[in-house]
Structure formats: C-alpha cells, structure tokens
Amino acid sequence: MKQGVLKIYYFLAVITMFILFTQTSIKAATVILPRPVPLQAETVNHLRQAHPSENNHWMLVMFGFAHCKDFCPKSLANLSMLIEAAASEQIKLDGAFVTVDPERDSNEILSSYTKSFGSHIGYLRFEGEDLERFKATFGVEALFYTKHAGNLKNYQVDHSTSAFLIDPRGRIRVIFDAQQDAANIAKMFRENKELFN
Amino acid sequence: MNQALVLIFLFMMVGSVFAMQIEADPRTITSFMDKSLTPALDILRVTTNISPENYLVFQVKTRGEQIDGKNSDYLLLQILNEKTFLFLLPLNKEKGGKILIYEAFISPENHELSKTSTEVKEYHKHAGFNARHIFQGAEFTVPLDWINYGADFSFDAYTVQASLKGNTLVISKVYDQARKGYAKEKRFSAMALLNKLCSPKR
C-alpha cells in the first residue's frame, strides 16, 4: 500500500517537473532592431514626463506594478545596474517604470518605490484608455488574477518582463528581457559604441 | 482522498497551462492532428523565434516526412504584414529548398486562403528571406526590419497543391491549415509578438 502511494507521488513529481521544464525551456532573446521603431509624438511626450528635464537622454522603459514581489524588484535592480553601467560609458540613460496596476499604485507609492532603486528611475502612471494605448504601443499584456469586488488588494498581476531601450529621438532600438538579459545590454554599452553615437 | 485531490489539482494546472498556450500565445499555433491526411501534409504546429542573427523564424512542423512525391505540393506560410504575403516551399525535398515569395491581392480583412485562384505578384522588394527543410517540416526566415511594428500582424501555415499561371496562383487543394478549427483568426501587433519572444516568461 505504502509503495503504491510512493509510486503515485513519484509519478506526480515527474509530471510536475515536466510541466516546469517545458514552461521554462523557452529562451529569452535580446533584439537590436535593424530599423529603429519610431514612437508616436504622444508616446514620446508621455515618456518624457518621467524625466521632464532630460530630453536628450536614452531611456529604459519597463512595465510592472509596485506590489510585485519577485519580477519587478529584480527587473528594477537590473535597470539601476544598467543606468550605472551606461554612465560609466558616458551614455546618458534614465529609467521609466510604467505601472500596469494604477488602482493600487498611487503616485505616492510609485514615487517611493522607484526612488528606492535610484534617482534615475522615474515612474509613469496612466489610467483607463491612456494606459491601454500606452501598453498596446509596446505590445504589453497584463492579466489580473483573483481580482474581484471582494479582493481589491491582494491579487496577482501577470505581465510581460520586456524592457525597451529608446534613443533620444524617441525610437525603440533594443528590446530585451529585464530579468535575464541585462548583462547583454551592459556588454552592449561597452562594445557597441556606434549604437549610442 | 488526498491523492485524488492532488491529481485533480495537477490536471487542472496542466489544462490551464496548455489552454493558455493554445488560446493566448501569439508565438505559436497548435494545430489539430488529422489522421486522414498523409503525415507530411498534416501540420502539427507553427512556432516563432528570433535567430541569433536577428531574424524572425517561423518553424512549421508536420506529422511526417516527405522526401519525394508530387512536385506541386507546397508548404505555404501566409503572413499578414500590412499586406498578405505567401511564402511557398516545395514539400518534395528532392526538389530543393527554393523559396517562392508572393504578395497576394487578398483583402487583409478576410485573407484566409481557400481552394481558389489568387492574384499574386512575385515579391522582390526586400532581401533576406529564406527557407529550408528541417526534419518533418520547414523553417521560414524573415528579416526583422521587414515588419511594420505599428500594424496588425498574423500568420498561418498551409499544405497545398498549387501552381502558378501567369500572375495567378492556383490553389487546387488545401490539404491542411494550421489554424483549421479555430473559431477566429488571431490578430495582434507585431510589437506584441516581439515582446513575447523577448521575454517568454512572464
């Protein structure tokens, strides 16, 4: 009897490992766009709201939410590292964190959250149609789990972890995974100088 | 009892994971198997990826391999990128891997390929397209700078019997379509696809 139970648990463990493996085996990719993708003037103006006095800087943009416990803090720490890496190569770079969850993320929360990752990371908070348009421009999805009338505080948000490197002319130049590929971008700052001239 | 609950939970998890992949992932088309078809004509899935050289790669997998056979049988990749484009590769591996690319004069609103004649124009305006046979399928490669990131984007794959008569591509048979059986064709922005390919884990 005991052996039978063990077999079942062994079978379940194998199935679980298979699911986990198949889900994580897809590799991220860093894409340097051969033809930069110009953003619309409205989007560029929105982006500049994160750093109003720095119009001639490159910008790193990522989406997330301040209540995120795993992906966003790591991604923002990577952004902070990249801003320092860029500065050491004389590349002027700022970061912008765009909340996909404006209902929970007030301006105060976002301000204090982003400041904890450094002064060069600002935030953007849009609501309703403005947020949907902004997300659509970057192809960003956000799925809300267990959010309902009885639970408006402790829900989870599943969102894309891509970051976008935007040049001072408001064109997307590089897309990468803020979780996995930050080291590639730091290397690019050192080795691909012509991109930043 | 506990084991039964664990099993039910696991099956629900597996089900939801695969349902998410099938319904909501712009990177892939999971096609329904059709055992009435010759294995080489039965499309199993279409997946997309970014190559290390920064190309967008469409991999079409079939249930079987076709070494020889009819010269007029093709694996056809259809891409909506502002206009409708058709990429044809002979299924017959002995015929080689020459890719034929056409711009098709099909309404982007209703561009599903059917057993019909389609007016086409050979497409030479952009370099960098490629295709090659792989084991049980083919890979089509398109340059990233060919894509309009502000426009809707979609793709589908077919196995067809086709011939070109002047400016008309005559599709005399559609054996299989990757999206066959799906209620509605999925449209998304090219940026959404690229975003997903860059950060596959959310």
Side-chain angles (χ1 to χ4, degrees), chain A residues 4-5 7-9 11-16 18-20 22-40 43 62-64 70-71 75 135-143 145 156-164 171-172 174-181 184, chain B residues 1-18 20-21 23-28 30 47-57 59 126-128 142-153 187-202:
Chain A
V5 172
K7 272 183 187 170
I8 289 171
Y9 278 116
F11 172 73
L12 291 177
V14 169
I15 293 281
T16 308
F18 171 74
I19 294 165
L20 290 173
T22 53
Q23 288 302 295
T24 55
S25 62
I26 307 165
K27 281 184 185 162
T30 297
V31 173
I32 302 171
L33 290 161
R35 192 177 59 180
V37 177
L39 295 167
Q40 290 189 342
T43 310
M62 65 159 278
F63 292 74
D70 42 20
F71 285 139
S75 297
K135 276 161 51 187
T137 299
F138 293 91
V140 167
E141 286 180 344
L143 299 171
Y145 292 109
Q156 186 54 256
V157 187
D158 202 358
H159 61 89
S160 95
T161 57
S162 294
F164 301 81
R171 303 177 304 172
I172 302 175
V174 181
I175 308 176
F176 64 100
D177 189 317
Q179 292 279 304
Q180 296 182 36
D181 293 334
N184 288 349
Chain B
M1 181 64 183
N2 281 344
Q3 291 150 20
L5 281 173
V6 171
L7 260 177
I8 290 166
F9 173 75
L10 266 169
F11 279 121
M12 282 168 68
M13 200 169 88
V14 173
S16 66
V17 163
F18 285 109
M20 276 163 61
Q21 284 185 334
E23 296 301 331
D25 194 337
R27 293 167 299 180
T28 59
T30 305
T47 53
T48 50
N49 215 334
I50 304 279
S51 74
E53 299 78 26
N54 256 358
Y55 284 82
L56 181 58
V57 182
Q59 187 184 80
H126 204 293
V142 305
L144 280 178
D145 62 351
W146 173 69
I147 296 165
N148 178 352
Y149 293 94
D152 273 357
F153 189 86
R187 296 250 177 118
F188 43 84
S189 73
M191 189 54 80
L193 173 65
L194 205 54
N195 191 331
K196 275 273 195 185
L197 289 168
C198 288
S199 60
K201 278 196 295 181
R202 285 186 300 181

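Each chain gets a letter, A, B and so on, in the order the sequences are listed, and its residues count up from 1.
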Colleague: Evaluate the criterion side-chain contact (heavy atoms from CB on, under 4.5 Å) for residue pair B:C198 and A:D177; output intermediate values, then yes/no.
Modeller: CA-CA 6 Å; B:C198 288; A:D177 189 317; 5.6 Å; no
Colleague: If we ignore hydrogens and angles and just use 3.5 Å, is the side chain of B:D145 paired with the main-chain N or O of A:P34 as donor and acceptor?
Modeller: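 No, the answer is negative, given that no donor and acceptor are paired below the 3.5 Å cut-off.
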Colleague: In terms of heavy-atom proximity below 4.5 Å to chain B, should A:I32 be classed as side chain, backbone, both, or neither?
Modeller: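 A:I32 touches chain B through backbone and side-chain heavy atoms alike.
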Colleague: Taking the side chain as C-beta and beyond, is there a heavy-atom pair between A:I175 and B:L197 under 4.5 Å?
Modeller: no
Colleague: Output all residues satisfying side chain to side chain contact (heavy atoms under 4.5 Å, CB included) with B:T47, sequence neighbours left out; order by chain, then residue number.
Modeller: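 Counting only residues at least two positions away or on another chain, B:T47 forms a side chain to side chain contact (heavy atoms under 4.5 Å, CB included) with B:T28, B:R45, B:Q59.
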Colleague: Measuring heavy-atom distances to chain A, does B:L193 have an atom under 4.5 Å in its side chain, in its backbone, in both, or in neither?
Modeller: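 Neither; nothing under 4.5 Å.
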Colleague: Output yes when a side-chain donor or acceptor of B:N54 lies under 3.5 Å from a complementary backbone atom of A:L33, and no otherwise.
Modeller: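 Side chain of B:N54 to backbone of A:L33: no pair is present.
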Colleague: Listed by chain and number, what are the side chain to side chain contact (heavy atoms under 4.5 Å, CB included) partners of A:P38, not counting sequence neighbours?
Modeller: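 Result, side chain to side chain contact (heavy atoms under 4.5 Å, CB included) vs A:P38: A:R171.
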Colleague: Report yes if some heavy atom in the side chain of A:T137 is under 4.5 Å from a heavy atom in the side chain of B:M191; otherwise report no.
Modeller: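 No. Closest side-chain heavy atoms not under 4.5 Å.
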Colleague: For the side chain of A:R35 and the backbone of B:I147, is there at least one donor-acceptor N/O pair under 3.5 Å apart?
Modeller: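 Side chain of A:R35 to backbone of B:I147: a pair is present.
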Colleague: Can you tell me how far apart NZ (A:K135) and CG (B:N195) are? Round to the nearest 0.5 Å.
Modeller: 11.5 Å
Colleague: Non-hydrogen atoms of chain B under 4.5 Å away: do they reach the side chain of A:V37, the backbone, both or neither?
Modeller: side chain
Colleague: Checking side-chain contact (heavy atoms from CB on, under 4.5 Å) for the pair A:E141/B:F188: CA distance, chi angles, key distance, verdict?
Modeller: CA-CA 11 Å; A:E141 286 180 344; B:F188 43 84; over 6 Å; no
